[in-house]
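Here the structure is laid out as structure tokens; the discussion comes afterwards.
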Amino acid sequence: MTNRSRSFRVPDKPSLDGIEAKWVDVWDESGVYRFDRTKSRDEIFSIDTPPPTVSGSLHIGHAFSYTHTDLVARYQRMRGKSVFYPMGWDDNGLPTERRVQNYYGVRCDPSIPYDPDFSPPAKPDPKRQVPVSRRNFIELCERLTAEDEKVFEGVWRRMGLSVDWTHTYATIDDGSRAAAQRAFLRNLARGEAYMAEAPTLWDVTFRTAVAQAELEDRERTGAYHKVAFHRPDGTPVHIETTRPELIPACVALVAHPDDERYQDLFGGTVTSPVFGVEVPVKSHWLAEPDKGSGIAMICTFGDTTDVTWWRELQLETRPIVGWDGRIISDPPPGIGSEAAREAYARLAGATVHTARERMVEMLRESGDLVGEPTPTTRPVKFYEKGDKPLEVVTTRQWYIRNGGRDADVRDRLLARGRELQWHPDHMRSRYEHWVEGLNGDWLISRQRFFGVPFPVWYPLDGDGNPRYDEPIVPDEAALPVDPSSEAPAGYTEEQRGEPGGFTGDPDIMDTWATSSLSPQIAGGWERDEDLFSRVFPMDLRPQGQDIIRTWLFSTVVRADFENGCLPWRTAAISGWILDPDRKKMSKSKGNVVTPIDLLERYSSDAIRYWAASGRLGTDTALDEGQMKVGRRLSIKILNATKFALSVAGEDAADRPEAVTEPLDRSMLAALAEVVEDATAAFEAYDHTRALERAERFFWEFCDDYLELVKARAYEEGTAESASARAALLQALSVIQRLFAPFLPFTAEEVWSWWREGSVHAASWPQAADVRAAAVDGDPAVLEAASAVLRAVRKSKSEAKLSMRAEVERVAVRGKHVARARVAEGDIRAAGRAAALDFEESDAEELSVEVTLPPAAE
RNA sequence: GGGCGCAUAGCUCAGUUGGUCAGAGCAUCCGGCUUACAACCGGAAGGUCACAGGUUCGAGCCCUGUUGCGCCCACCA
């Protein structure tokens, strides 16, 4: 910096009002957050931004965690990195489907042909949803999500996210679909993806398969029913079950191999009540002697334990629950007798719930229900978005290997978890426990409509049956494809569904199968290899702790298979937002707070301040008090800057060499420590600490340093005055840059009053530079001077005097009076002391004696 | 049943390798229009650091156990 005089553009009445709109526009026009793709990998910091679900509404939790990411982005940008900070929109999947159905009053019927002229009903009637083709449905999804995205973008900009808005993607756009299909085809070619017909957790409402990661347990009431099976000699064997309706699906009984009570039964058979089906009695270590009667019935399939037993004991299959959650009409194998068929007919077509009631009636009639059912509550598995218990249904599905069945894959993925840097570190254990606890591969197919279709067709044999083991795949160059509306190479559309022709795979991929590729999608994998080589693997994955098992894990899986590396170096995990009653905020609880109202009441920077005060991985309460504090800090920065600039004056030397006074150098020395701490904190992803250091320094700077030096600075033409003025400018510049990541609007506003360009393009302050400016400055000098000033203020306050009341005499004693003495003139002026004496003593602590003038009457 | 995390002033939280570490802000109370800021400023009062042991010259800090809260996982008949 030169010593030329500058012009200050300080408003008369600084205010936060309207600064968001003002700077959002300026930033957009100047492109200050634009990613510079000419930089090399080591000059780039790349972020795998979480794509928010646009069909959901924004809530304050988004503002919280996205601010954390923005803090890092802004810090790295000021450190000189070209920051790759894209934004994705997750518009793929069930939430969008539901919203589109309600919004437009339509429902998807894949059997209907595409109508290019379709327009949705003017007045949606939720009771009479208009059936539309899959392609029409998807077009509506795209139309609505485009509108939702605009709303989201507006809020993000208003929040001050320094996203490069020229780099956006949507999880349903062509690029994402092509990437998801390409990755899948490569998984398929390498044997990492496969199709299997197997018992699958099934949501009967959405009529789709569900993956392990999407399960949750809910407490449900039920009842134990004590039911008699019969030995060949007619004597009963009592089992207890909460699902008597599955008795026709029973394929065996099972007890623990060591259970004395059932030794004579193992290897033999019993017959089921009502149906009289003969089933074997088996032993298995999973059966628990102290549960119920110690012997359980195995059905196909009541729960996942049944699946385990069925597989390991190689039992028969007697499915009775259909895709719609009702008892299927035809009885399963084994139900042969006339009486059994009649009994089954009473259940056929009923819901599981109704079937249970009817089964209990029949058990009562046959005398096989012992006593009355005993009420109980037990955890039942649900799809996290569903509202009926999951059933287990045998279906044909696509899977991707994830270590759930291969020890070597699991070990490799565990090693990836250890390779990744976690903030906070203990989040790593969630990953490890999840991977260690996997009990099957990743089920990626969903029987839904709005999503990425599997890029696969199947040839039909002469009878029109699909040959699933000979899938037809497209050329990668043709991606994305929609097998439901495009014919595979070598076929024509007329051959669809015809014997000897083909059929398209009807399913779509789970939304995580696409979002697990977010680093590849955003980074230009196979689309823009130059970009990809500069940003991948990415530096940072920020995300919530709840989706470690889904998004984080699946992204690691895909990158490991496709790229042979971690998708990013570091994962930063945000905590929950709790409402003021410390309950987790979630839509289902109805305690969600939208950010717009808060943004308007407190300003964006105030919300960011609150968000920045929450540490990574730590749950944080929604605290308007903190927002008030943030607002106050912002206003203080405006006012203090205005004051400091007016005191310094446009002719002040903006040169470190002009800082000559011990107090001024002391202040800069203290500031150098703050810069050092804040920098170290940011490097360790500890933004809270960086903020706390900057903030504490700033308040002391205002309360003490500004008060101490203002009189001296006001002098004209002295070296001492020039020193204060130069120090003020040096400090302002550093302080404003320290706050820039946290309070981007406020920092930009005050920076613009006296500097050219954006503070967000300025360089992060270097502790070494500040220390060099401080020369021999000793932080203890400012501390000592402040201590004396505080003592004076305390005396005045206790005497109920105004702060500008004159003081007769101030006497300072202690071993280190010299520290205060070098600021003698400043202390006297700030304290309005007529006399100021220093006396050296042995006391380590500085003591201050204040003599006030006799009370004026 | 297993795991992870948390427990410090009325509230929200700092306390980095054990040695002025008992702190900040809010709220409360007292005082002050002080020419940057009254949407402001100054000051005060507030805590057996969940509990019980242990290690140590010395423990919010390390170890063990207990209790309470939150979350995750689990094969839940």
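Just so it is clear: chains get the letters A, B, ... in the order the sequence lines come, proteins before strands, and each one is counted from 1.
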Checklist entry - Just checking A/Thr241: base, sugar-phosphate only, or nothing, at a heavy-atom cut-off of under 4.0 Å? => result sugar-phosphate
Checklist entry - What integer number of Å spans the C1' atoms of B/rC40 and B/rC6? => result 38 Å
Next on the checklist: Nearest to the A/Ala640 side chain among B/rC76, B/rG32, B/rA36, which nucleotide is it?
Outcome noted: B/rA36
Next on the checklist: Could you tell me if A/Asp368 and A/His230 have a donor-acceptor pair between their side chains, going purely by distance under 3.5 Å?
Outcome noted: yes
Checklist entry - Looking at A/Thr550 and A/Ser554, what are the two nearest heavy atoms and their distance? => result O-OG, 2.6 Å
Checklist entry - Between B/rC30, B/rA36, B/rU12, which one does the side chain of A/Lys800 approach most closely? => result B/rC30
Item to check | Counterpart residues, side chain to side chain donor-acceptor pair (under 3.5 Å), relative to A/Ser613 (two or more places apart) | outcome: A/Gln626
Checklist entry - Say you pick atom P in B/rU48 and the same atom in B/rA9; how far apart are they, in whole Å? => result 9 Å
Next on the checklist: Under 4.0 Å, counting only non-hydrogen atoms across every strand here, what does A/Arg243 touch: a base, just sugar-phosphate, or nothing?
Outcome noted: nothing
Next on the checklist: Between B/rC69 and B/rA24, how many Å separate the two P atoms, rounded to a whole number?
Outcome noted: 32 Å
Checklist entry - Just checking A/Ala805: base, sugar-phosphate only, or nothing, at a heavy-atom cut-off of under 4.0 Å? => result nothing
Checklist entry - Contact class for A/Glu707 (heavy atom, under 4.0 Å): base, sugar-phosphate, or nothing? => result base
Item to check | Donor-acceptor under 3.5 Å (A/Ser283 side chain, A/Pro257 main chain) | outcome: no
Item to check | Glycosidic class, syn or anti, of B/rG42 using a 90° window around 0 | outcome: anti
Checklist entry - Taking atom P in both B/rA38 and B/rA45, what distance in whole Å separates the two? => result 28 Å
Next on the checklist: Considering every strand and a 4.0 Å limit on heavy-atom distances, what is the contact class for A/Asp306: base, sugar-phosphate, or nothing?
Outcome noted: nothing
Checklist entry - Among the nucleotides B/rC71, B/rC76, B/rC41, which one has an atom lying closest to any side-chain atom of A/Trp699? => result B/rC41
Next on the checklist: Can you tell me which nucleotide in B/rG25, B/rU20, B/rC30 comes closest to the side chain of A/Val629?
Outcome noted: B/rG25
Checklist entry - Counting any heavy atom closer than 4.0 Å, what does A/Lys381 reach on the DNA or RNA strands: base, sugar-phosphate only, or nothing? => result base
Next on the checklist: Pairs counted only when both distances fall under 3.5 Å, Watson-Crick or G-U: show me the 5' to 3' dot-bracket for RNA chain B, [ ] for pseudoknotted crossings and | for other-strand partners.
Outcome noted: (((((((..((((.....[...)))).(((((.......))))).....(((((..]....))))))))))))....
Checklist entry - For A/His256 and A/His284, what are the C-alpha separation, side-chain angles and deciding distance, and is it a ring-ring contact (aromatic ring centres under 6.0 Å, His included)? => result CA-CA 5 Å; A/His256 195 275; A/His284 194 278; 8.9 Å; no
Checklist entry - Given B/rC41, B/rC71, B/rA39, which nucleotide is nearest the side-chain atoms of A/Arg632? => result B/rC41
Item to check | Donor-acceptor pair present, A/Arg693 side chain and B/rU16 base, under 3.5 Å | outcome: yes
Checklist entry - What distance, rounded to whole Å, do you find between the two P atoms, one in B/rA52 and one in B/rU12? => result 23 Å
Next on the checklist: Are A/Tyr431 and A/Trp422 an aromatic pair, judged by ring center distance below 6.0 Å?
Outcome noted: yes
Item to check | Nearest to side-chain heavy atoms of A/Thr304, which nucleotide of B/rG15, B/rC75, B/rC72 | outcome: B/rC75
Item to check | ring-ring contact (aromatic ring centres under 6.0 Å, His included) evaluation trace for A/Trp442 with A/Phe553 | outcome: CA-CA 11 Å; A/Trp442 176 18; A/Phe553 173 59; 7.7 Å; no
Next on the checklist: Ignoring hydrogens, what is the shortest heavy-atom contact between A/Leu852 and A/Ala799? Give both atom names and the distance.
Outcome noted: CD1-CB, 3.6 Å
Checklist entry - Checking all strands, does A/Asp303 fall into the base, sugar-phosphate, or nothing category for heavy-atom contacts under 4.0 angstrom? => result sugar-phosphate
Checklist entry - Looking across every strand, which nucleic acid part, if any, lies under 4.0 Å from A/Arg790 by heavy atom: base, sugar-phosphate, or nothing? => result sugar-phosphate
Checklist entry - If you look at every strand shown and take non-hydrogen atoms under 4.0 Å, does A/Leu286 touch a base, only sugar-phosphate, or nothing? => result base
Checklist entry - What about A/Ser797: does its side chain form a donor-acceptor pair under 3.5 Å with the base of B/rG42? => result yes
Checklist entry - So what does A/Glu624 hit on the nucleic acid, given a heavy-atom distance under 4.0 Å: a base, only sugar-phosphate, or nothing? => result nothing
Checklist entry - Reckon A/Lys794 touches a base, only the sugar-phosphate, or nothing at all at heavy-atom distances under 4.0 Å? => result sugar-phosphate
Item to check | C1' gap between B/rG15 and B/rG60, integer Å | outcome: 8 Å
Checklist entry - When we call it a touch if two heavy atoms are under 4.0 Å apart, what does A/Met803 touch: a base, just sugar-phosphate, or nothing? => result base
Next on the checklist: As a test of the definition: with a 90° window around 0 for syn, would you call B/rU55 syn or anti?
Outcome noted: anti
Next on the checklist: Within the 4.0 Å heavy-atom criterion, would you say A/Glu288 contacts the bases, only the backbone, or no part of the nucleic acid?
Outcome noted: base
Next on the checklist: Could you tell me how far B/rA50 sits from B/rC11 if I compare only their P atoms? Round to whole Å.
Outcome noted: 14 Å
Next on the checklist: Can you confirm if the aromatic rings of A/Phe64 and A/Trp576 lie within a centre distance of less than 6.0 Å?
Outcome noted: no
Checklist entry - What form does the base of B/rG43 take, syn (within 90° of 0) or anti? => result anti
Next on the checklist: Students often get this wrong, so: under 4.0 angstrom with heavy atoms, is A/Lys642 touching a base, only sugar-phosphate, or nothing?
Outcome noted: nothing
Item to check | Span that lies between the P atom of B/rU8 and that of B/rG18, in whole angstrom | outcome: 22 Å
Checklist entry - When the aromatic ring centroids of A/Phe698 and A/Phe739 are compared, is their separation below 6.0 Å? => result yes
